[in-house]
Amino acid sequence: MTDVAVLDPVVGYIDEPIDPSLDLFDAIEQLKREKNAVLLAHYYQEPDIQDIADYIGDSLGLSRKAAETDADIIVFAGVHFMAETAKILNPTKKVLLPDLNAGCSLADSCPADALRAFKARHPGHIVVSYINCTAATKAESDIICTSSNAEHIIRQIPEDQPIIFAPDRNLGRWLMRQTGRDLVLWEGVCIVHETFSEQKLLRLKVRHPEALVLAHPECEEVVLRHADFIGSTSQIRRFARESAHQTFIVATEEGILHQMRKDSPEKTFIPAPPESGCNCSQCPHMRLNTLEKLYLCLKHEQPEITMDEDLRRRALRPIERMLEMSAAIK
Ligand code: 13P
Ligand code: SF4
């Protein structure tokens, strides 16, 4: 059983003093064992969290893991829409998110009622939504996709079927270029991927002419057009691991570099520079999760993701279609 609940719903995470002599890695491992909990982490989590995770992956891999786990508790080291997806797939399991404030600019850009109104203005269209959206927005969608399977899914939709693609306009534009399809786009952006600077990237390429540029399709077109490879986080990681090249400029959230450097310690990975001199290539939502919050979340089994059953069922349908339509994607 859990200790007395200490979650302040306004704060959104458990805030209590932790003995500074406690080894958080050991303590988290022990709690995972005691509670039969699995820790799923996205590549954009801080390195310590990645190192203690049972599985690290992209949005598709994490959804698949969430669908197949036999753990009693899923602790999601990622953002809210990811933990919600795990709950949609696992209604009887407890799904925990260390900080409920870990949102996403794409999910925020596309509330369900606004998407419903947009659909009404585009009769006859089906809605393919990027997984970076809320459960309520998923429930308004016909098919969900991730950056790993979006192109594969769009290509399976009959040519004469008009499509609304929400909420990421950069991923949508890239899909239009890849498939030659005319998609009606929602105008959402990722605050991390939109900040990479084309000018600074070009200067970096001059200094490292041997480097390949690897970019996530959430980046702006001005950045994507300089990329040698475009793909999801797991596809970028795999490309770098299998490539004979030695140097890579990586245009996505810099958390991914941790696994890329572990995979290939002899290779050089350079984060693509953002526009200003800020830390903008770290996602401020993803980075709300810390080892301390993770420990307290497991200890108290809070904050927990809960969901109305009718909403869950409506959001499940388009996720199941995604999993069926992308079964062939590794
Ligand atoms: P993937 O890891 O699925 O490529 O998604 C990237 C992302 O921005 C997740 O929020
Ligand atoms: Fe959302 Fe961008 Fe952060 Fe991913 S990196 S969670 S898309 S804001």
Side-chain angles (χ1 to χ4, degrees), residues 40-46 49-50 53 55-66 76-86 97-110 128-134 137-138 144-153 166-172 174-175 186-196 214-220 223-224 227 229-240 250-260 271-272 274 278-289 319 322-323 326 329-330:
L40 307 183
H42 189 265
Y43 287 121
Y44 297 166
Q45 293 297 287
E46 63 177 43
I49 293 180
Q50 293 189 37
Y55 175 80
I56 315 161
D58 67 2
S59 302
L60 179 62
L62 289 164
S63 305
R64 285 174 168 162
K65 275 284 164 206
F76 219 110
V79 290
H80 196 274
F81 76 81
M82 295 178 167
E84 262 190 348
T85 304
L97 180 67
D99 189 329
L100 286 178
N101 302 309
C104 170
S105 64
L106 284 168
D108 291 346
S109 79
C110 191
V128 178
S129 289
Y130 192 30
I131 198 164
N132 297 38
C133 63
T134 63
T137 296
K138 287 184 175 72
I144 298 303
C145 69
T146 73
S147 46
S148 278
N149 60 22
E151 182 181 341
H152 184 75
I153 284 175
D168 188 347
R169 70 157 189 232
N170 289 325
L171 175 59
W174 177 72
L175 288 169
W186 188 270
E187 287 290 318
V189 288
C190 162
I191 50 168
V192 178
H193 291 85
E194 72 166 349
T195 59
F196 294 118
L214 315 181
H216 196 281
E218 289 176 18
C219 293
E220 300 279 343
V223 168
L224 292 181
F229 176 78
I230 297 170
S232 69
T233 50
S234 58
Q235 290 166 342
I236 287 175
R237 178 186 178 190
R238 190 184 317 140
F239 181 93
V250 184
T252 189
E253 214 274 9
E254 64 184 48
I256 184 77
L257 299 178
H258 184 56
Q259 295 304 321
M260 295 170 89
C278 60
N279 242 0
C280 313
S281 51
Q282 288 190 355
C283 173
H285 303 291
M286 289 277 183
R287 302 299 177 127
L288 284 177
N289 295 323
I319 296 174
M322 168 185 84
L323 293 173
S326 58
I329 300 271
K330 275 196 281 168

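Every heavy atom of this structure was used, including side-chain atoms; hydrogens, water molecules and symmetry mates were not. One-based numbering, in listed order, for ligands and for the atoms of each.
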> With a 4.0 Å cut-off, would you call E253 and R287 a salt bridge?
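Between R287 and E253 there is a salt bridge, with a charged N closer than 4.0 Å to a carboxylate O.
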> Considering residues at least two apart in sequence or located in another chain, which fulfil the side chain to side chain donor-acceptor pair (under 3.5 Å) criterion with S234?
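Testing S234 for side chain to side chain donor-acceptor pair (under 3.5 Å), a comparison that skips the adjacent residues, returns D58, S232.
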> With the threshold set at under 4.0 angstrom, would you say E253 reaches ligand 2 through any of its heavy atoms?
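No heavy atom of E253 comes that close to ligand 2.
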> Using a 4.0 Å cut-off to any heavy atom of S59, which atoms of ligand 1 qualify?
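It comes down to these atoms of ligand 1: 1 (P), 2 (O), 3 (O), 5 (O).
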> Hey, which atoms in ligand 1 end up nearer than 4.0 Å to a heavy atom of M82?
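It comes down to these atoms of ligand 1: 9 (C), 10 (O).
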> Is the shortest distance from a heavy atom of C190 to ligand 1 less than 4.0 Å?
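No; C190 lies far enough from ligand 1 that no heavy-atom distance drops under 4.0 Å.
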> To check your reading of the model: name the closest protein heavy atom to atom 10 (O) of ligand 1, its residue, and the distance in Å.
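Looking only at protein heavy atoms, the one closest to atom 10 (O) of ligand 1 is N132 ND2, 3.3 Å.
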> For ligand 1, which atoms have a heavy atom of H216 less than 4.0 angstrom away?
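So the answer, numbered in order with elements, is 1 (P), 4 (O), 5 (O), 6 (C).
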> Name all residues meeting the side chain to side chain donor-acceptor pair (under 3.5 Å) criterion together with E151; count only those two or more places apart in sequence or in a different chain, and write none if there are none.
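Result, side chain to side chain donor-acceptor pair (under 3.5 Å) vs E151: R155, Q178.
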> Heavy-atom contact check, 4.0 Å cutoff: does E253 meet ligand 1?
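The answer is no: ligand 1 sits nowhere under 4.0 Å from a heavy atom of E253.
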> Can you find an N or O of T146 that's nearer than 3.5 Å to an N or O of ligand 1?
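Not met; the criterion fails.
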> Hey, does H193 come in under 3.5 Å of ligand 1, counting only N/O atoms on both sides?
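N/O-N/O distance below 3.5 Å does not exist for this pair.
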> Applying side chain to side chain donor-acceptor pair (under 3.5 Å), name anything that partners R64, two or more places apart in sequence or on another chain.
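For R64 there are no side chain to side chain donor-acceptor pair (under 3.5 Å) partners, ignoring immediate neighbours.
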> Please list, in number order, the atoms of ligand 1 under 4.0 Å from a heavy atom of S147.
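Counting from 1, the qualifying ligand atoms are 1 (P), 3 (O), 4 (O).
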> Do any N/O atoms on E218 end up under 3.5 angstrom from N/O atoms on ligand 1?
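Yes: some nitrogen or oxygen of E218 is under 3.5 Å from one in ligand 1.
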> Please determine whether any non-hydrogen atom of Q235 lies less than 4.0 Å from an atom of ligand 1.
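Distance cut 4.0 Å: Q235 fails for ligand 1.
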> In Å, rounded to the nearest 0.5 Å, how long is the span from OG of S59 to NE2 of H42?
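Those atoms lie 4.5 Å apart.
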> We want to know whether N170 and E194 form a side-chain donor-acceptor pair, criterion being a heavy-atom distance below 3.5 angstrom.
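Distance-only check fails for N170 and E194.
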> Atoms of ligand 2 less than 4.0 Å from Y44 heavy atoms?
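It comes down to these atoms of ligand 2: 5 (S).
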> Hey, is ligand 1 close enough to S232 that some N/O pair sits below 3.5 Å?
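By distance alone, the answer is no.
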> Output the list of atoms in ligand 1 that are nearer than 4.0 Å to some heavy atom of Y130, sorted by atom number.
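It comes down to these atoms of ligand 1: 5 (O).
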> At a cut-off of 2.8 Å, what protein N/O/S atoms sit near atom 1 (Fe) of ligand 2?
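Protein N, O or S atoms closer than 2.8 Å to atom 1 (Fe) of ligand 2: C104 SG.
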> Is there a donor-acceptor contact under 3.5 Å from the side chain of W186 to the main chain of S109?
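Answer holds: yes.
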> Fit a plane to each ring of F229 and F239, take the angle between them on a 0 to 90° scale, and name the class: parallel (under 30°), tilted (30 to 60°) or perpendicular (over 60°).
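Plane angle under 30°, so parallel.
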